[in-house]
Each structure stands twice: as structure tokens, then as C-alpha cells.
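Shown next, in C-alpha cells, is the structure this report addresses.
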Number of protein chains: 2
Amino acid sequence: MNFEQILKEKELKITPQRLVVFEAIYTLKTHPTAEEIIVFIKERHPNISVATVYKVLDVFVEKGIVRKVKTENEVMRYDAFMEHHHHLFCADSNRIEDYQNEELDTLLRDFFDSKKIKGFKIKDFQLHITGTFKNK
Amino acid sequence: MNFEQILKEKELKITPQRLVVFEAIYTLKTHPTAEEIIVFIKERHPNISVATVYKVLDVFVEKGIVRKVKTENEVMRYDAFMEHHHHLFCADSNRIEDYQNEELDTLLRDFFDSKKIKGFKIKDFQLHITGTFKNK
DNA sequence: TTATGTAAAGATAATAATTCTCGTTTAGAA
DNA sequence: TTCTAAACGAGAATTATTATCTTTACATAA
């Protein structure tokens with residue numbers, strides 16, 4: 001499915017700026033910060049406004065096109081990979097990687113199905129795994 | 001164990017400001033923001049400096065006395081409960097609650113013991129559970 | 001007692017990410 | 001082609017946080 005269709009589905013106008021912001025997050029697979037996205041874009045399209053990038057990002061998050069990734073110390077980072085997944089956080093650097101494991105999801109879903117949290121209705125869960133990357 | 005002992009163990013000087021900041025986080029069981037902590041403290045001790053509160057919080061985080069909790073939209077929040085635990089995030093408000101479940105931890109530990117993540121050494125994990133609180 | 005060193009606190013300026021404002025432009029429907 | 005709400009651009013404003021610099025508290029040594 002291409003990105004223009006996604007915008008249409010969400011009843012958002014197709015604008016060059018939106019295409020460009022999405023392209024940036026999608027190309028930078030590193031869970032980029034807003035600033036990294038802006039730098040990437042500015043190289044190709046110097047006329048896009050910083051405020052526009054922020055606004056586009058907000059709209060994307062609101063409509064579920066990209067996701068915000070919370071980290072402990074840093075600024076907000078963005079992730080265009082919208083399937084249910086978890087994150088690996090490097091304890092020594094800013095590196096973040098996606099982690100997807102169907103078996104883990106089943107395990108957790110089964111756990112919470114049998115073991116309800118009283119007074120709380122679960123919508124979603126996401127595991128933050130901290131550790132160190134061996135390579136690179 | 002009282003708080004003065006904790007400071008001693010961490011080789012930190014016992015100061016009134018540190019006691020007061022810890023008391024604030026501990027009393028406000030709501031994962032308060034720095035600002036909420038500052039407001040709480042200012043009522044009782046109007047002379048403490050904002051910068052001092054931030055510095056004390058940083059030291060606490062660095063020494064593992066409190067923990068930072070980052071949420072999607074907001075500013076940093078703090079948690080004085082340092083045992084391994086997870087968080088329940090309300091999808092509709094800023095409410096955050098701690099969630100601790102020994103069985104869940106065992107389940108996850110066992111899972112990752114048998115199912116290593118290649119190229120990654122796990123130090124810790126924390127589950128972010130999003131949903132809605134039924135009561136209050 | 002007095003001097004000295006050092007960690008911590010206080011006040012305020014600086015920084016930086018993000019948001020706001022408001023005038024202008026544009027996408028897409030009619 | 002025209003119209004209008006939606007989106008964009010530029011820069012100011014905001015706000016949480018950090019940095020800087022001075023002062024204070026307190027321990028140790030002369």
C-alpha cells in the first residue's frame with residue numbers, strides 16, 4: 001500500500017510536505033528525532049518549514065501513521081513501523097531497534113487474558129528491553 | 001530502611017533539600033513531574049531553588065534512587081518506587097500507575113532465557129501497558 | 001580558633017525543543 | 001475556474017531543562 005492511499009484513508013490532504021516527511025522517517029530507519037528528520041528533509045527540500053514538520057508529525061501520530069517512541073532521557077523519536085512491536089534500547093548509546101516476536105505477544109496476551117489487572121482495561125502493551133548491542 | 005541511610009550508601013551528603021525532594025516524590029505517589037514536585041515543595045519550603053530540585057532529581061536518577069518515566073506527550077515524570085516494576089498508562093489522561101507481578105517477570109525472564117535476541121544482551125525490561133482505568 | 005578545600009545550593013541567564021500566531025498559499029471539491 | 005477549509009511558512013513565544021557563577025555549609029588541617 002502506498003503512502004498516498006494511507007493519507008486518503010485517513011482523510012488527510014495529499015501534500016508534498018507530508019510525502020516528504022513520511023519519506024524521511026521511512027528512509028531513516030533509526031527512530032529519528034524531529035531534528036534528524038528536519039536535517040534530512042532540508043538537504044533535499046530547503047524550503048520546508050520546521051513548524052510544518054512538527055505539525056505533520058503531530059498529525060501522523062494522531063492518525064496512527066507514525067508512532068512516538070518514549071526514551072528515558074532524550075527528546076521524542078519517531079517510528080514509521082506501525083505493526084505491533086517492541087523496542088530494544090541500548091544502555092550505552094541512543095540506538096533503538098524494533099523487536100517483533102509473535103510468540104512473545106501470544107505469551108503476554110495469554111497472560112493478561114487469564115490474569116486481569118483489576119480496575120484496568122488493557123488496550124495495548126509494549127516491552128522496553130534495555131541492554132547492549134554486541135555488533136557495530 | 002530510611003532515606004538518610006540510602007544517601008549514605010550512595011555516598012551522598014545528607015542535606016535538607018535532598019530530604020525534602022525525596023519526601024515530595026514519595027508523598028506524591030502519582031509519578032509527579034518536576035514541576036509538581038516543585039509546587040509541592042514550595043508550599044512547605046518556599047526558599048528552595050528550582051535549579052536545586054532539578055539537580056537533586058538528576059543525582060537521584062544517576063544514583064538509582066528514583067527513576068524517570070517518560071510518557072508520550074508530556075514532560076519527564078519521576079518514580080520513587082525502585083523495585084522492578086511495570087507501568088499502566090491511562091490512554092485518556094495523564095494517570096500512571098505502577099504494576100508489579102512476579103509471575104509476569106518470571107514468564108518474561110524464562111522467555112528471554114530460552115529465546116535469546118541475537119546481537120543483543122538484555123539487562124532489563126519494562127512493560128508499558130496502555131489502557132483505561134475503570135474507577136475514579 | 002582560623003584557614004582551606006569541596007560538595008552542594010541559590011539565583012538567574014541561556015539553551016533548545018516544541019508550540020503558537022497569523023498572514024499566505026494550496027489541495028481538492030463544486 | 002472558483003471557492004473554501006485545510007495546510008503551510010516565518011518567526012515569535014513558550015517552557016522545561018541546563019549552565020554558569022557565586023555563596024554557603026561543613027569537614028579537615030594548621
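Computed from a predicted structure; not experimentally measured. In the text below, chain A, chain B and the rest are named by the order of the sequence lines, each starting its count at 1.
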Exercise. CG of B:Asp58 versus P of C:dA8: gap in Å, rounded?
Worked result: 13 Å
Seminar exercise, completed: B:Glu11 atom CD is separated from C:dA7 atom P, nearest whole Å, by 12 Å
Exercise. Would A:Phe3 and A:Phe60 count as a close aromatic pair, with their ring centres under 6.0 Å?
Worked result: yes
For this session: Using atom CZ of B:Arg18 as one end and atom P of C:dG10 as the other, report the distance to the nearest whole Å.
Result: 11 Å
For this session: Could you walk me through whether A:Val59 and A:Lys55 pass the side-chain contact (heavy atoms from CB on, under 4.5 Å) test, one step at a time?
Result: CA-CA 6 Å; A:Val59 172; A:Lys55 270 181 287 193; 5.5 Å; no
Exercise. Are a donor atom and an acceptor atom from the side chains of B:His87 and B:Gln126 found within less than 3.5 Å of each other?
Worked result: yes
Every protein N/O within reach of nucleotides 22-28 of chain D N/O, cut-off under 3.5 Å:
none

Problem set entry | Interatomic distance, A:Glu35 CD vs C:dT15 C1' [rounded to whole Å] | 13 Å
Taking only nitrogen or oxygen atoms into account, show me every contact under 3.5 Å that the protein makes with nucleotides 9-13 of chain D, one pair per line with its distance.
residue	atom	partner	partner atom	Å
D:dG9	OP1	A:Gln17	NE2	3.2
D:dG9	OP2	A:Ser49	N	3.3
D:dG9	OP2	A:Thr52	OG1	2.7
D:dG9	O6	A:Lys55	NZ	3.1
D:dA10	N7	A:Ser49	OG	3.4

For this session: Find the distance A:Ile38:CD1 to C:dT19:P and express it as a whole number of Å.
Result: 11 Å
Problem set entry | Each stem that DNA chain D is part of, given as range with range (3 or more consecutive Watson-Crick or G-U pairs, under 3.5 Å) | C:1-30 with D:1-30
For this session: Run the ring-centre check on B:Phe89 versus B:His128 and record whether the distance is less than 6.0 Å.
Result: yes
Exercise. Checking B:Arg18 against B:Phe22: charged group under 6.0 Å from the ring centre and within 45 degrees of the axis?
Worked result: no
Seminar exercise, completed: Output for pair (B:Leu7 CG, B:Leu19 CG), nearest 0.5 Å, gives 6.5 Å
Exercise. Just checking, is any N or O donor in the side chain of B:Asp105 or B:His86 under 3.5 Å from an acceptor N or O on the other one?
Worked result: yes
For this session: Indicate yes or no: at least one non-hydrogen side-chain atom of B:Phe40 is less than 4.5 angstrom from one of B:Ile38.
Result: no
Exercise. Rounded to the Å, how far apart are B:Tyr54 OH and C:dA8 C1'?
Worked result: 19 Å
Exercise. Of all heavy-atom pairs between B:Val66 and B:Leu57, which one has the smallest distance, and what is that distance?
Worked result: CG2-O, 4.4 Å
Exercise. Would you call A:Glu102 and A:Arg109 a salt bridge, using N to O less than 4.0 angstrom?
Worked result: yes
Exercise. Heavy atoms, side chains only, cut-off 4.5 Å: are B:Ile122 and A:Thr130 in contact?
Worked result: no
Exercise. Separation of A:Ile14 atom CD1 from D:dC8 atom C1', in whole Å?
Worked result: 17 Å
For this session: Please state how far atom CG in A:Leu19 lies from atom P in C:dA27, giving the value in whole angstrom units.
Result: 11 Å
